[in-house]
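Only one structure is covered here, and it is reproduced in the block below.
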Amino acid sequence: MCFSPSNRYISPEMASVNPCAAEIAAAVAATIGPDVRAEDLKVEAPPRPELGDFAVGMFAVAKALRQPPPAIAARVAAELPRTGLVTGAEAAGPFVNIRVDRVWALRWLAAGELVPPIGRGKVVCIDYSSPNISKHLAYHHIRSTMLGHALAELHRALGWTVIGINHVGDWGTTHGMLLGAFQRWGGEYPTLDITALNALYVRYRAAIEQDPSLEAEARGWFKRLELGEHEARALWQRFRDISMAEFQEVYDLLGVKFDFDGGESFYEDKMAEVVAMLETKGLLEQSEGATVVRLPDEKNPILIKTKDGTSLYATRDLASALYRKRTWNFDRSLYVVDRGQSTHFRQVFKCLALMGFDWAAQCQHIPFGLVRFGGKKTSTRAGSTGTGDRPFLLRDVFDEAIEQVLPIITEKNPDLDAEIAARTARWVGIGAVVFANVVPQRDKDVDFDWDRAMALSGDSGPYLQFTAARCSGIARKAGSPASQRATADWSLLTHDAEWAVARRLLDFGDHVARAAASCEPHILAHYLLDLAGDVSRWFTLGNDEPALRVIVDDPALRAARLALVEVVRHALARGLQILGLHAPERM
RNA sequence: GGUCCCAUAGCUCAGUUGGAUAGAGCGACGGUUUCCUAAGCCGUAGGUCGCAGGUUCGAUUCCUGCUGGGAUCACCA
């Protein structure tokens with residue numbers, strides 16, 4: 001048995017992509033006998049490191065062999081060959097705790113990629129951010145934007161081909177209202193920016209309350225838009241351009257990029273075909289003037305056309321799903337949209353299935369909880385948060401966070417170039433806000449709180465960035481620009497704190513794979529916090545014992561430790577990048 | 001009322017197909033800077049895992065019911 005950093009044990013279905021875990025599973029399975037496959041074994045970490053490096057429970061095996069788990073564990077511990085990766089095994093009740101050759105593990109870390117390319121050859125479409133035009137990016141847009149971005153990067157890291165889609169809300173009766181509003185009051189807004197557009201929209205909605213006939217007028221405008229009337233189209237295009245330019249500035253701040261930004265309007269000439277397909281399949285029905293499709297186990301039908309004959313949200317999502325399948329032939333198509341639209345997506349996917357598209361099963365709504373305001377602590381500095389007339393903008397939160405961070409950066413790094421200090425403040429401030437939004441489970445509502453959203457200490461983005469910066473600082477101080485990874489003598493890393501870091505690093509790919517599979521970026525976020533904790537504990541040892549510092553006199557030992565620092569720095573930076581944060585060199 | 005989501009330390013949250021003594025952060029208290037970044041590290045205190053049943057060798061995890069909170073229920077998106 002020869003351990004090598006290849007991906008020969010890796011398959012998409014495997015629970016673990018940790019190469020050591022895979023090796024151990026194979027060895028344990030071979031020891032138990034022919035009835036057990038390596039894939040059936042769950043290799044995990046023991047609750048405490050003193051117990052061992054890896055643990056395998058014998059529960060599932062016990063059922064198959066009809067023997068009590070502790071008996072099997074005892075036999076495996078005794079018979080498991082101490083060769084290759086495995087250096088020791090001990091039974092602890094139903095568990096077998098295994099120790100591994102640290103040098104082999106470290107060698108793999110230095111040579112291998114942290115994330116195995118288990119998604120190579122597969123395509124995933126991810127629909128995220130997707131704001132409505134003529135409105136600012138409000139604070140709550142951060143969730144779809146950054147969760148979607150993280151999911152895109154997670155899949156990309158695993159080798160998937162990712163199509164990031166910004167499905168902008170640029171179509172529908174709403175935009176008819178905007179045209180109607182501009183027609184009436186446009187002259188009152190000399191600089192037509194996004195604030196003006198939003199004001200026009202709000203004003204029109206208010207006017208509808210007084211005069212319900214305006215609603216019909218808005219429908220009329222949208223009808224003209226759909227018919228391609230020149231004046232309506234030109235105005236609409238202008239509104240769209242203004243909005244997209246505004247969005248782009250915020251996306252640039254966040255480092256978010258899309259592969260396709262055709263919004264709902266992109267599908268206007270693609271809906272007729274979908275409606276025709278529904279017609280051909282005999283799925284269409286008239287109901288209360290509207291055209292609908294009845295769905296199994298659904299209280300309400302899905303609306304295809306209004307009584308005016310105009311298209312609806314669902315019509316466009318059917319057309320876009322079909323377009324995405326035809327254009328990119330995805331293996332997975334994700335919609336990162338808030339939980340309030342669960343019913344809508346369930347209906348759209350059911351409708352696709354009803355149309356006979358088996359790939360409807362590849363479409364998945366990735367819901368997330370709402371951002372709430374009005375928690376008790378949001379009062380003073382929050383200003384108009386949530387309750388006021390003024391929208392609570394994403395930019396406002398970023399500005400506040402950056403403003404808070406900048407003096408800390410300049411204080412701690414007095415010799416730092418002003419421009420770099422400003423950039424670092426931007427990275428750290430925005431990083432704090434972004435991290436606060438990806439660290440909780442997707443499904444949970446988050447109650448906005450200034451202190452929590454901008455936390456700089458504890459389980460926070462800046463803590464991770466700080467740890468990465470410490471790695472950079474050590475490498476900088478050591479003054480060896482060339483990589484140490486290839487030549488390091490790993491056997492010199494004998495301290496448990498060093499091993500704790502290495503052991504944690506082995507799990508990196510596992511967590512990326514799990515986070516992508518379950519569409520839960522917080523799995524990676526929490527992993528990175530654990531990693532940063534291990535690293536910080538290791539670095540702190542050097543405070544009392546200079547011999548444990550990375551930079552020591554012995555050149556071989558220093559090189560080995562620097563190599564581990566290099567892998568850590570790489571892992572932290574990669575993880576942060578996936579979550580949408582930058583890793584500064586200094587902070 | 002129907003459907004769906006949530007409930008774990010004072011607060012905010014983790015807890016990987018059911019498995020070893022349920023873990024972090026914040027807040028509180030106490031240590032730690034002649035030490036590669038103290039945005040750090042260590043310690044103390046803090047839990048009937050909402051309630052009641054069920055499944056099993058074993059349930060915070062799976063099932064049912066209940067309580068409490070949230071989302072949603074056709075011509076907006």
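Chain naming here is simple, since letters A, B, ... match the order of the sequence lines and numbering starts at 1 in each. Here the structure is a predicted model, which is why all the values come from computation and not from measurement.
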* State which residues pass salt bridge (Lys or Arg N to Asp or Glu O under 4.0 Å) with A:R240; sequence neighbours excluded, sorted by chain then number. => A:D170
* Asked: Parallel under 30°, tilted from 30 to 60°, perpendicular over 60°: which one fits the rings of A:Y267 and A:H167?
  -> tilted
* Asked: What is the distance, rounded to the nearest whole Å, between atom CG of A:N413 and atom P of B:rA38?
  -> 12 Å
* Donor-acceptor pair (no angle test) under 3.5 Å: A:D317 side chain, B:rA77 base -> no
* Interatomic distance, A:S460 atom OG to A:M454 atom CE [nearest 0.5 angstrom] -> 12.5 Å
* List the steps and the verdict of ring-ring contact (aromatic ring centres under 6.0 Å, His included) for A:F54 and A:F95. => CA-CA 10 Å; A:F54 292 90; A:F95 292 93; over 10 Å; no
* To do: If the plane angle is over 60° it's perpendicular, under 30° parallel, otherwise tilted; pick one for A:H522 and A:H526.
  => perpendicular
* For A:L312, report the nucleic acid contact type (base, sugar-phosphate, nothing); a contact means any heavy atom under 4.0 Å. => sugar-phosphate
* To do: Take atom P in B:rA9 and the same atom in B:rC51, then report the distance between them in whole Å.
  => 11 Å
* Asked: So what does A:R316 touch, heavy atoms closer than 4.0 Å: a base, only the sugar-phosphate, or nothing?
  -> sugar-phosphate
* To do: Consider the side chain of A:A55, meaning its heavy atoms from C-beta on, and name the nucleotide among B:rA20, B:rG19, B:rC76 that approaches it most closely.
  => B:rA20
* Side chain of A:N300 (C-beta onward), nearest among B:rC76, B:rC73, B:rA14 -> B:rC73
* To do: Can you tell me, in whole Å, how much space there is between the P of B:rG23 and that of B:rG70?
  => 32 Å
* To do: Remember a base hit wins even if backbone is also touched, and classify A:V292 as base, sugar-phosphate or nothing at under 4.0 Å, heavy atoms.
  => base
* Asked: Can you tell me how far P of B:rG19 sits from CG of A:N97, to the nearest Å?
  -> 16 Å
* Identify whether any heavy atom of A:A475 sits under 4.0 Å from a base atom; if not, whether one sits that close to sugar-phosphate; answer base, sugar-phosphate or nothing. => nothing
* Touch class at under 4.0 angstrom, heavy-atom based, for A:K299 against every strand present -> base
* **Approximate separation, where rounding is to 0.5 Å, of A:Q67 CD and A:I72 CD1** => 5.0 Å
* Is there a residue in residues 427-443 of chain A whose heavy atoms reach under 4.0 Å of RNA chain B, and which residues are they? -> A:V428, A:P440, A:Q441, A:D443
With 3.5 Å as the limit, what N/O pairs link the protein to nucleotides 57-61 of chain B?
none

* **Protein-nucleotide distance (A:H526, atom NE2; B:rU12, atom C1'), rounded to Å** => 11 Å
* Asked: Mind checking what makes salt bridge (Lys or Arg N to Asp or Glu O under 4.0 Å) contact with A:D415, not counting sequence neighbours?
  -> A:R586
* Asked: Which part of the nucleic acid does A:I208 contact within heavy-atom distance under 4.0 Å: base, sugar-phosphate only, or nothing?
  -> nothing
* To do: Nearest 0.5 Å please: distance from the CZ atom of A:F222 over to the OG atom of A:S311.
  => 4.5 Å
* To do: Keeping the roles fixed (side chain from A:T315, backbone from A:I304), state whether a donor-acceptor pair exists under 3.5 Å.
  => yes
* Asked: Taking RNA chain B as the partner, which of residues 339-348 of chain A come within under 4.0 angstrom of it by heavy atom?
  -> A:R339, A:G340, A:Q341, A:T343
* Heavy atoms under 4.0 Å, any strand shown: does A:E44 hit a base, just sugar-phosphate, or nothing? -> nothing
* Answer with base, sugar-phosphate or nothing: what part of the nucleic acid does A:G172 contact at a heavy-atom distance below 4.0 Å? => sugar-phosphate
* To do: List in chain and number order the residues that pass ring-ring contact (aromatic ring centres under 6.0 Å, His included) with A:F539, two or more places apart in sequence or in another chain; answer none if no residue qualifies.
  => none
* Is there a donor N/O on one and an acceptor N/O on the other, under 3.5 Å, for the side chain of A:R48 and the base of B:rU21? -> yes
* Work out which heavy atom in A:A497 is nearest to a heavy atom in A:L541; give both atom names and the distance. => CB-CD1, 3.3 Å
* Asked: Whole Å only: how far is the CD atom of A:E285 from the P atom of B:rA74?
  -> 17 Å
* Which one, B:rA7, B:rA71, B:rU37, comes nearest to the side chain of A:K444? -> B:rA7
* If you write RNA chain B from 5' to 3' in dot-bracket form, with Watson-Crick or G-U pairs under 3.5 Å, [ ] for crossing pairs and | for pairs with another strand, what do you get? -> (((((.(..((((.....[...)))).(((((.......))))).....(((((..]....)))))).)))))....
* To do: Only counting residues at least two apart or in another chain, list the ones meeting ring-ring contact (aromatic ring centres under 6.0 Å, His included) with A:Y204.
  => none
* Asked: Looking at the rings of A:Y313 and A:H344, which for Trp means the six-membered one, are their centres under 6.0 Å apart?
  -> yes
* **Rounded distance in Å - CZ (A:R372) to C1' (B:rC6)** => 11 Å
* A:R569 and A:E585 ion-paired at < 4.0 Å -> yes
* Asked: Roughly how many Å is it from CD in A:E585 to C1' in B:rC36, rounded to a whole number?
  -> 15 Å
* To do: Write out all pairs satisfying salt bridge (Lys or Arg N to Asp or Glu O under 4.0 Å) with one or both partners inside residues 554-568 of chain A, taking only residues at least two apart or from two chains.
  => A:E498-A:R561
* Asked: Among residues 544-564 of chain A, which residues get a heavy atom nearer than 4.0 Å to RNA chain B?
  -> A:R549, A:V550, A:I551
Protein-nucleotides 40-46 of chain B N/O pairs under 3.5 Å:
| unit_1 | atom_1 | unit_2 | atom_2 | d |
| --- | --- | --- | --- | --- |
| B:rG40 | OP1 | A:G458 | N | 2.9 |
| B:rG40 | O2' | A:R470 | NH1 | 3.1 |
| B:rC41 | OP1 | A:Y463 | OH | 2.8 |
| B:rC41 | O4' | A:T540 | OG1 | 3.3 |
| B:rC42 | OP1 | A:R537 | NH1 | 3.2 |

* Parallel, tilted or perpendicular, as decided by the 30° and 60° cut-offs, for the rings of A:Y335 and A:F345 -> tilted
* To do: Can you sort out the partners of A:W427 under ring-ring contact (aromatic ring centres under 6.0 Å, His included), two or more places apart, ordered by chain and number?
  => A:H582
* To do: Go through the N and O atoms of the side chain of A:T173 and the base of B:rA77, and report whether any donor-acceptor pair is under 3.5 Å.
  => no
* Of the nucleotides B:rG70, B:rC75, B:rU37, which one has an atom closest to the side chain of A:E288? -> B:rC75
* When you compare B:rU60 with B:rU44, how far apart are their P atoms, in angstrom units rounded to a whole number? -> 25 Å
* Asked: With rounding to whole Å, what would you report as the distance between B:rU72 and B:rC11 at their P atoms?
  -> 26 Å
* Could you check which of B:rG70, B:rA77, B:rC75 has an atom nearest any side-chain atom of A:E264? => B:rA77
* Roughly how far, to the nearest 0.5 Å, is the CZ atom of A:R470 from the OG1 atom of A:T540? -> 5.0 Å
* Pairing of A:D534 and A:R503 as salt bridge, 4.0 angstrom limit -> no
* Asked: Say you pick atom C1' in B:rC36 and the same atom in B:rG30; how far apart are they, in whole Å?
  -> 28 Å
